[in-house]
Structure formats: structure tokens, C-alpha cells
2 protein chains.
Amino acid sequence: MVTMSEVAKAAGVSVMTVSNVINGHRYVSDATRDRVLAAVDRLGYRVNVAARSLRSGSTGIIGLAVPDIDTPYFGQLASLLIERAARLGYQVVVEQTGATRENELGALAHSRVRRYDGLILSTVELGDEDADQLRSDLPVVALGERLSGGHAVDHVAMANVEGARDATRHLIERGCRRIAAFGAQPGPEVNANSLRTAGYHEALTDAGLDPSPELAVPCAFSMAGGAAAARSLLAGGIPFDGAVCFTDTVAIGALRALADHGVAVPDEVKVIGFDDVEQGRYTVPSLSTIAPGHSEMVDAALRMLGDRIAGRRGEDEHEMFTGPHQLVIRQSTGGP
Amino acid sequence: MVTMSEVAKAAGVSVMTVSNVINGHRYVSDATRDRVLAAVDRLGYRVNVAARSLRSGSTGIIGLAVPDIDTPYFGQLASLLIERAARLGYQVVVEQTGATRENELGALAHSRVRRYDGLILSTVELGDEDADQLRSDLPVVALGERLSGGHAVDHVAMANVEGARDATRHLIERGCRRIAAFGAQPGPEVNANSLRTAGYHEALTDAGLDPSPELAVPCAFSMAGGAAAARSLLAGGIPFDGAVCFTDTVAIGALRALADHGVAVPDEVKVIGFDDVEQGRYTVPSLSTIAPGHSEMVDAALRMLGDRIAGRRGEDEHEMFTGPHQLVIRQSTGGP
DNA sequence: TTGTAGGCGTTATCAC
DNA sequence: GTGATAACGCCTACAA
């Protein structure tokens, strides 16, 4: 392993001069710089980041903890984050929690966190009761909904209520009267399910429609979940003419199940998702959805993390950002 | 930041004893161990990996360079790799190259590589002419096809020729006679396109069918690419009754375009993909495909990397592994 | 403009 | 069983 002192020896200068050249500091003559760079090239010297980290106290690495990266939503999130972080000079370690509370806590608690300058934690199962754990010395930004606010974390959220409300309202405007909600799960907890359920109910109530409990079908946020939810209604003979799916993956699964049962979308049932994953442009029919402002969310998360790493915000000042949301109309609700 | 020496002081022992406890070494009495662990807990001590890395010379980090992680194929690859690597005690830094040769080389050349114990490089644009660059002091495993073999790298590949041949043969057995290839690009280079094209031709020839150049449509390995390829045939009025798509994403795009043109799959045209991404189970119709043995490939890559990191293989001994492939029959070719 | 000394936190070695 | 010491490679001060 080539070290600075070997380069220094080869170039006939001191270690410090090599360091200055490597880090682009001033006060190095052109001649010296050239000699050093030549030696660097010749010997194949590369900075040892471990030593640099030890010295500087920072690692240049951000952790990203998500349930599973092989999922359209989290894949897109990770892709954006890695790209933007790279521009800021950070690399990203991806941890998969499998959406278990245990692993989400693990991402915080494990010794490995000493490796990160900051952590972006996409919480799914982490609830209010765990918020204390987030008070670590590690800068953390929570990305998700399972926190009711007022907690000791910076937080980036989606417009869950408003998005689900707009999606439901859109179906109502398109003439639907019996609108199912796939992924619904009313409850006191603050999470994507309950917030979107609230938005769904809000739109129904605003339109003078009665929420029918049998149309609020809980399901996993996955294609399999969406397919199962749709099948359960179809098999039960419960009529519906619209489906608000709480994620695009749920919607894709629902489209699949509807196709299996020979139900025409959008003619007999209109379907809308939530997330605006790229996939939705290519389903048959293409999928209407709520775009939750991924790009803005990633930017906000990085900005918050950067501020905190740099100590630009006090221990007890916490920021909150909600992504802008937008209705995207495609074929599954009668769009072009 | 709590250090070992603070813990040592609190527990009334030396730093070395703390280190021994942390690392589970022998020769520590139970009483001492308990005292140390209590102090660790009380002070919230966490190992500083930078210092440990500096000392040990290894980082516990593997790099994974892929074109874009927000893609079903690479997402699945990354997910599997992160999971398996975690079990081996490694974390994974994901780099996105955008499939440019420049960035793929960058993943190798940049100073940052000193951060990795090893690198898994999913080559797309890196060709034979770059193989020399792979001769770095960093353990590297190439995952992909753009290398003709005999090079100075460990290499994990897919059964491209055989997979494409089996896919094509399957369409022929199902009665197709004018079979398009979306993503085809014959040529002397060794890459996924040309190898799969070769397999496609092989199956046609074996069956006594003439490869018709107008049916070999080059396209990007993406949904947009597949849609464009299918549209170009449809718009050109070129008849075809089968389509071998060189990736599942291409196939999903093709399904979309066929649906737009009112072409029934599988009745009028049978479609098969390559990769077996989860998505393909939920398309309408569900997608027949070639499963390339992802799991085995990831295991092989990690094993090779591990061997090399541990120095269990000589500088000039290089290994090569080809994943097992399997035909998966779903609705798009008349399956259940 | 260049060089010297010291320490970041950890662990291997070797005494005790 | 436990502890003192010396590195690992780099960079901030300070000195020359």
C-alpha cells in the first residue's frame, strides 16, 4: 500500500507537501506540484480514507435505511439520493431493514452507525414510542410518516392526507360512487395507511358519499397485496366502480387481478395509485397516480442532513418538510 | 465522542482490556467483562470504525457499481447483494454509473476506491480495451458480459446465448414463425446484446427459419426502448407473431405498445422477456421470461470477492461463473 | 514555500 | 488476566 511518505520520498519533498498538493492547498510551487503529481501517478498512490476519517472525524458516507431497495418507490428514492449525494461529495451505504421495527432501530443503534456522517431513515414501523432513540449523536433525517410530529428529529413527509383526498376526489369527479380503498387501515397511529385513509374519507364525506367499511380493504403495500385486495372484493361479490390504491405497486397488483376477472379498466372500474413510479407509465392501462414530489423530498432530506452535520441547527430545533403533490391523470381513470 | 480510553477510565481498566472485551477476546475475567460492558452501556460507547480500519487495513465495505439502481434488474441484484453481504459482515456502497464507460472506469480509478475492501462492477460499457484497468490492487469482480474472457478479472456472467436461444425456441414451439428480437444488435463485441442476438439466431437456424433482418430491432434496455421497438414494427406494417425481448423491461414496454395498437398477447403475438424481475408476474398478461439465476450469481460474486480479499487466489488465477438459466412460462406465451 | 511534531482511536505485541 | 507501548496514514499547528 503506497503511502504519502513513499510519495514524498520519491518526489524528494516532505509528507506535508504531498498532502498540500493532494488537497489542493495554496503555497505549493508549480514545479513542486508537478513533481509530486508525477510521483503519485508513478506509484499509484491513493488517499487512505480511513486515516483521513480518523483525523477529520468525518467519513464522507451517508447511510440510507429503507425496507427494501428492490421496490419501485424505494429504488427511485435511493437512485435520486445516491445521485444528489454524489454531487455533494458523499457516498451512500444502503441498509435494508425489511420494514421491521427491530431492524430500523438496529440501523440506528448498531456500532456501524459510527461510520456515517448522517443517516436517512425511511421509517415504516418505527413509531412515536421509538422517537427517543432518534436522539442519538448521529444526524438523522426521518423519511416517512410514522411520527406524529413534535419529535426530536428532522422529518421529510409526503402529503398523505391531501394526496389521497385528491385521488379520491378525482374518481368521484369521473363518476365513481362506490370507491374502494386498497391499503386502508384507519386508526389512531400516524402512518401512511391511516393518513391516506383519512384523506380518502375526507373526499367521500365532502362529496356527500357514505364511506362503506367493506370497501376499505387493508393490504400490504406490494403488488401481491394489491392483487389480493382486489380479488377479495371480486370474490365476495362486493360491487365497486373505483379503487384508490395506496401505492402504485398496490395498483399494479389490482390491475392484474381485475384483468384476471375480466373487469375492464377504466370502463367498469377506475383505478388510481400513489407514488408515481416509472412503472406506472407502462402498465396496461397506464396508471393515474399522485406524484409526491420525490425530487423535492430528496433535496430537502439532504439539505436538512447537511445543515445538521455542519451544526447549522440547534439540538432542539427540528425541521419538517412536506413534499408537493400533484395529480397525474393517465388511462386507468379515463385519461389519455 | 466517547472513546475507549474514557470507557477504560470509567471501568477502572486499561484500554486494551476494553478492546479485548469489545472484540470478544479470551483472557478476560467475567467480572472485568461485566464492568466494562456496564461502562460501555452507561457512556454509550461505539467503536470508531475509522480508527479500526486504519489499524486493520480493511474497511468492511464493498462497492457495488451499477448503471442505475432504480431499475428492476439492478434493484433486485443490489437487494440480494446487500442482504447477503450483511450476513458476511459487509456493508455496501452503491455507485451509479449511468452506464457510461467513463463512470465505470471512474468507479475503479477514483481515490474513493481505497474505501472498499472489494468492488463488484456491473459492466455495461466497459470493454476488452479497458480490461487492463481492472488490474488494480483492489479486488474486483465483474458482473456482466462486456469482456470476452481470458482477462485479468474474476467474472460472473449470465447464460446469454443459451437463454436467448431457449426463449426463441419456446416461441417456435408455440407456433411462432415471424419472431422479432427487441434489443438485438449483432456484432463482434461481446456484450449482452450481441450474445443474446447470437442465441436468437441459433434457435431460428436450428428450426430452419430464416432470420429476417427487419425483425431484429435494436433498442435501449428499458421500458421506453421496448415500447419504441414494438411501435416501429407496428407502424412499419411489418408482421410478426412473436417477440423475444432482451430484458423484461423491454418486454413490459413492448406489451404496452402492443396494447396501444390493440394487438392481443398471446393470441396474435407471443412475448417473452429475459431477467425474471418480480414485475413480470404482475403485468397484464403476465410475462414469460428467462430466469438467469440471480441468487447463484450474487453468491458466486461474493464468494469470488471474499476469496480474493482473503488472498486465497493468486494474482493471475481468474475465475469465471455462469448463472444457471431457466425458462419461465407465463401468460404472454400462452402459459397459465 | 516547505518541514517537523503530535495526535486522531484502535489493536498487536509483549511484558508483567 | 491485564496493561504499557507503538504503530496504522493523515492533517492541523507551528516553526523554519
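None of these values were measured; they are calculated from a predicted model. Below, read A as the first sequence line, B as the second, and so on, with proteins coming before strands; counting in each chain starts at 1.
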Chemist: Rounding to an integer number of Å, can you tell me how far B:Arg33 CZ sits from D:dT2 P?
Modeler: 9 Å
Chemist: Listed by chain and number, what are the ring pair (Phe, Tyr, Trp, His ring centres under 6.0 Å) partners of B:Tyr73, not counting sequence neighbours?
Modeler: B:His294
Chemist: Using a 4.0 Å heavy-atom cut-off, write out nucleotides 8-16 of chain D from 5' to 3' as B (base contacted by protein), S (sugar-phosphate only) or - (no contact).
Modeler: BBBBBB---
Chemist: Is the phosphate of D:dT2, meaning OP1 or OP2, less than 4.0 Å from a side-chain N or O of B:Ser29?
Modeler: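 B:Ser29 to D:dT2 OP1/OP2: side-chain N or O found under 4.0 Å.
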Chemist: For residues 75-85 of chain A, which residue pairs qualify under salt bridge (charged side-chain N to carboxylate O under 4.0 Å, His left out), counting only residues two or more places apart or in two chains?
Modeler: A:Glu83-A:Arg87, A:Arg84-A:Asp299
Chemist: Locate the shortest heavy-atom distance separating B:Leu54 from A:Ala50; write the atom from each residue and the value.
Modeler: N-CB, 3.7 Å
Chemist: Could you give me the CA-CA distance, side-chain angles and deciding distance for A:Arg308 and A:Glu319, then say whether salt bridge (charged side-chain N to carboxylate O under 4.0 Å, His left out) is met?
Modeler: CA-CA 10 Å; A:Arg308 201 155 284 281; A:Glu319 214 179 325; over 6 Å; no
Chemist: Rounded to whole Å, please give me the gap between CZ in B:Arg35 and C1' in D:dT2.
Modeler: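 Value for this atom pair: 11 Å.
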Chemist: Test your reading of the model: is there a side-chain donor-acceptor pair from A:Thr71 to the backbone of A:Phe74, 3.5 Å cut-off?
Modeler: no
Chemist: On the nucleotide C:dT2, are OP1 or OP2 found under 4.0 Å from the side-chain N or O atoms that A:Thr17 carries?
Modeler: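 Checking A:Thr17 against C:dT2: no side-chain N or O falls below 4.0 Å of OP1 or OP2.
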Chemist: Verify whether one side chain among B:Asn23 and B:Arg52 offers a donor that lies under 3.5 Å from an acceptor in the other.
Modeler: yes
